[in-house]
Amino acid sequence: MIRVENLHRHFGGFRAVDGATLEIAPGSITGLVGPNGAGKSTLFNCVAGALPPTSGTVLMDGEDITGLPPHALFHKGLLRTFQIAHEFSSMSCRENLMMVPGEQSGETLWNAWFGRGRIRDEEAELLKKADEVLDFLTISHLKDERAGNLSGGQKKLLELGRTMMVDAKIVFLDEVGAGVNRTLLNTIGDAIRRLNEERGYTFCMIEHDMDFIGRLCDPVIVMAEGKVLAEGNIDQIKADERVIEAYLGTGLKNKETA
Ligand SMILES: Nc1ncnc2c1ncn2[C@@H]1O[C@H](COP(=O)(O)OP(=O)(O)O)[C@@H](O)[C@H]1O
Ligand SMILES: [Mg+2]
């Protein structure tokens, strides 16, 4: 579905992404892991339109989408999640789903989609859809809660929910599990799996928690120093000497031997 070919993104002389080549198969939940600073988020930003690549190509279903802005990708069904913007923290969860954020970090695309003069039928339709999404995510009881009052994990669920208000094909998730407690992490994992199985969403997710990755993702792609180092299922990745070496001193091996 997505093919990234020899992608580079340099910052001055520094090669944050240094010739990465990878594929994301349709229907997969592909994991992207690697030590801090490996270039994972930069790669995501290049693919999802937040940063222009220095060089290289991104294809979606064979079509060149390199450097397209977020709203153009959005209309192709390629989405990444955004943090709930500060201004929307006083709005309810339901309202956040119905009409989403403003200017920063490429979020204007939501306005392009939702901000058109709406007639009442469309609004009723949106309301219905928002309630279905809340139900799917098991947070119906929070529909009238202000987004600002949600826990970190509940916010992540709401962010995921926003991708469900449109017809997403592929969703990029950058550390959706960071700082989220076990119970909510499982809820988020279930939502991702169900979106994948029941709605055909393809996912590519950056995550540090290897257990979480292992339960959801196949394949797992490992990046280090701006390049793709290895790819395989979680067991292959964990057993790969090059991967262990790249992680040495940063957790994976330590955790396993603990
Ligand atoms: N806007 C930027 N300007 C300069 N350096 C950056 C910028 N964004 C990221 N970097 C650098 O690029 C490297 C890769 O960062 P990042 O893609 O965030 O890694 P990861 O997500 O794998 O932890 C890091 O060394 C980071 O400091
Ligand atoms: Mg990152």
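Read the numbers this way: they start at 1 and go in the same order the structure lists the ligands and their atoms.
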Would you say the side-chain atoms of [X] pair up with the backbone N or O of [Y], donor to acceptor, closer than 3.5 Å?
| X | Y | result |
| --- | --- | --- |
| Tyr201 | Val171 | no |
| Lys129 | Val166 | no |
| Gln154 | Ser151 | yes |

- prompt: Does the protein place any heavy atom closer than 4.0 Å to atom 27 (O) of ligand 1?
  reply: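 Under 4.0 Å from atom 27 (O) of ligand 1, zero protein heavy atoms found.
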
- prompt: Can you tell which of Gly37, Cys46, Gly12, Gly39 gets a heavy atom nearest to atom 24 (C) of ligand 1?
  reply: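 Looking at heavy atoms only, Gly37 sits closest to atom 24 (C) of ligand 1.
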
query: With respect to atom 12 (O) of ligand 1, which of Gly34, Ala16, Ala224 exhibits the smallest heavy-atom separation?
result: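 The residue whose heavy atom sits nearest atom 12 (O) of ligand 1 is Ala16.
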
Just to confirm my output: which protein heavy-atom neighbour is closest to [atom], and how far is it?
| atom | value |
| --- | --- |
| atom 11 (C) of ligand 1 | Phe14 CE2, 3.8 Å |
| atom 18 (O) of ligand 1 | Ser41 CB, 3.7 Å |
| atom 1 (N) of ligand 1 | Phe11 CE2, 3.4 Å |

Relative to the heavy atoms of [X], which atoms of ligand 1 are at a distance of less than 4.0 Å?
| X | result |
| --- | --- |
| Thr42 | 9 (C), 15 (O), 16 (P), 17 (O) |
| Ala38 | 19 (O), 20 (P), 22 (O) |
| Asn36 | 23 (O) |

message: Is it true that Arg80 and Asn45 share a donor-acceptor pair across their side chains at a distance under 3.5 Å?
response: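 A donor-acceptor contact under 3.5 Å links the two side chains.
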
message: Under 2.8 Å from the Mg ion (ligand 2) - does any N, O or S atom of Asn36 fall there?
response: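 Checking Asn36: none of its N, O or S atoms is under 2.8 Å.
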
- prompt: Do we get Arg199 above Phe136's six-membered ring, with its NZ or CZ under 6.0 Å from the centre and within 45° of the axis?
  reply: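 Output yes; distance and angle both within limits.
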
query: Which heavy-atom pair separates Gly31 from Ile213 by the least distance, and what is that distance?
result: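 Closest approach of Gly31 to Ile213: CA-CD1, 4.1 Å.
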
Smallest separation among heavy atoms of Val176 and Val180, with atom names: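 Answer, listing the atom of Val176 first, then Val180: O-CG2, 3.7 Å.
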
